[in-house]
Protein chains: 2
Amino acid sequence: MRNNNKIPKPVIRRLGLYYRCLNRLNEEGIEFVASKDLAARLGIKSSQVRKDLSYFGEFGKRGVGYNVEELMKKLEGIIGVDKYWNVIILGAGNIGAAIANYAGLKKDKFNIIGIFDADRSKVGKKIGKLTVQHVSELKSFVQKNIIEIAVIAVPETAAQMVVEELETLNIKGIVNFAPVKLRTKIPIEDVDITLSFKSLVFRIERSKKEGN
Amino acid sequence: MRNNNKIPKPVIRRLGLYYRCLNRLNEEGIEFVASKDLAARLGIKSSQVRKDLSYFGEFGKRGVGYNVEELMKKLEGIIGVDKYWNVIILGAGNIGAAIANYAGLKKDKFNIIGIFDADRSKVGKKIGKLTVQHVSELKSFVQKNIIEIAVIAVPETAAQMVVEELETLNIKGIVNFAPVKLRTKIPIEDVDITLSFKSLVFRIERSKKEGN
DNA sequence: TAGATTGTTAATCGATTAACAATC
DNA sequence: TAGATTGTTAATCGATTAACAATC
């Protein structure tokens, strides 16, 4: 099967998982991997790996498996991490700073090229190699640079306003760390840390009650 | 319907979403809310709200809706955030520090009471009100304090080892920021930031191609 | 060739949604 | 009472999995 139709949402996330796993395998010097082995590393079923990949083409050799480096490169193109992406961060608080300094993103070709805050007392501060700019400079910065992705790391109360500004600036995608549902037509990914803690607590309580 | 059987995984996450929304409504001074309104705020269907809640009991009044404060308290108990949870952080890098300083967690009754690192040069450093301790002190710290939750914010290469140590220390749940699938029987929630960026990029590319 | 593993179909499983009787 | 909204059932939709012919 090919490309034509809708890709199930869970598949998209797993693509990144596969890509990462393939990178490891490649570093380990492994040349071929079977769907069974890939699946085992990720704790899923081999048929799921094969089905997921089948949305995008035929990458394996029957009886053999997948060429690690080849599949890696293919996935790179499919996901879109075969090129560099420019990223700005809105909000120079704890989370904004952590993202700005996060080495994993740079490794994946996400270039963080600007960080902004509304708080003048933070402006001028150094975060890694970046200097915090005031939000009032956002517009001209975006006009001078090609920015595809913005990270929202502002307080919840400011987040919706920021999104609306990003829309006018023609940003292509948003990673949102503010714990609110934001209304926007821009593709957005929510990273909801407090929600993860709450889910965990629910599961802990349950496992206590059910004794497993 | 009641409690008896399995709660679908997506419901668990939405419980947190409802709880947060109810908090806002309460702050706004709103006393009653219909499933329709709650759903609209979260961008989901009203029947989903009602179905989700029905796993845990009957909380609404027909013709009226839900008492905001009452439902909030109920959810607090259901999720398990009606009590305080002690949390330690493994890894005093960018992410560990950001979590340690994150006010949203404190507000939700997660008390971060310790932060550890393997790097001796970081030991003694102040992060918010906490002082970074060396991992070698982890065991005795956990024995002196009641710790339910551990946050893994160490480099990917160290994560599996850390998990295994946490298992021996009888930790009840883990929030994992390291970009690896960790093998453990402890309930674990993964927060995978680079994966969110990759999913976003995939969606941006798709929306370009399909022109929407 | 014999053994292994793919790609794909069909069956199963799980989650969402519409619809509506019950009832505030 | 009339209007509104719940709680729940049944229908629909979407995702996972087993199974197997195709083929390296």
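Chain letters run A, B, ... following the sequence lines, proteins first and then strands; every chain starts at 1.
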Roughly, in whole Å, what's the span from [atom1] in [X] to [atom2] in [N]?
X	N	atom1	atom2	value
A:Lys6	D:dG14	NZ	P	11 Å
A:Tyr18	C:dT6	OH	C1'	15 Å
B:Lys9	C:dA15	NZ	P	7 Å
B:Glu58	C:dA22	CD	P	14 Å
B:Leu71	D:dT6	CG	P	11 Å
B:Asn67	D:dT6	CG	C1'	15 Å
B:Tyr55	C:dG14	OH	P	11 Å

Does the side chain of [Y] come within less than 4.5 Å of [X]'s, by heavy atoms?
X	Y	value
B:Ile99	B:Val175	no
B:Leu38	B:Leu22	yes
A:Glu156	B:Arg20	no
A:Phe141	A:Phe116	yes
B:Phe197	A:Asp108	no
B:Leu25	B:Arg41	yes
B:Asn145	B:Asn86	no
B:Val180	B:Leu182	yes

- Message: For the CD1 atom of A:Ile149 and the CG atom of B:Leu200, what is their distance to the nearest 0.5 Å?
- Response: 5.0 Å
- Earlier contact from the 5' end, DNA chain D, for B:Val64 and B:Asp52: B:Val64
[N], OP1 or OP2 - any side-chain N/O from [X] closer than 4.0 Å?
X	N	value
A:Arg14	D:dT16	yes
B:Arg50	D:dT6	yes
B:Tyr66	D:dG7	yes

- Could you give me the CA-CA distance, side-chain angles and deciding distance for B:Leu90 and B:Leu166, then say whether side chain to side chain contact (heavy atoms under 4.5 Å, CB included) is met? CA-CA 10 Å; B:Leu90 286 306; B:Leu166 293 174; 4.0 Å; yes
- Message: Are more than 12 heavy atoms, taken from residues, nucleotides or ligands other than B:Lys109, located less than 6.0 Å from that residue's NZ atom?
- Response: yes
- Item | For DNA chain C, the dot-bracket pattern of Watson-Crick and G-U pairs whose distances stay under 3.5 Å, | for other-strand partners | ..||||||||||||||||||||||
- Message: Would A:Ser46 and A:Arg50 count as a side chain to side chain donor-acceptor pair (under 3.5 Å) here? Give the steps.
- Response: CA-CA 6 Å; A:Ser46 69; A:Arg50 296 197 302 279; 3.1 Å; yes
- Message: From the set C:dC24, D:dA10, D:dA21, return the single nucleotide nearest to any side-chain atom of B:Lys51.
- Response: D:dA10
- Message: Let's see if you get this right: which residues in residues 22-38 of chain A place a heavy atom under 4.0 Å from DNA chain C?
- Response: A:Ala34, A:Ser35
- With no angle test and no hydrogens, is the base of C:dT23 tied to the side chain of B:Arg62 by a donor-acceptor pair under 3.5 Å? no
- Taking only heavy atoms on the protein side, list every residue of residues 39-49 of chain A lying under 4.0 Å from any atom of DNA chain D, sorted numerically. A:Lys45, A:Ser47, A:Gln48
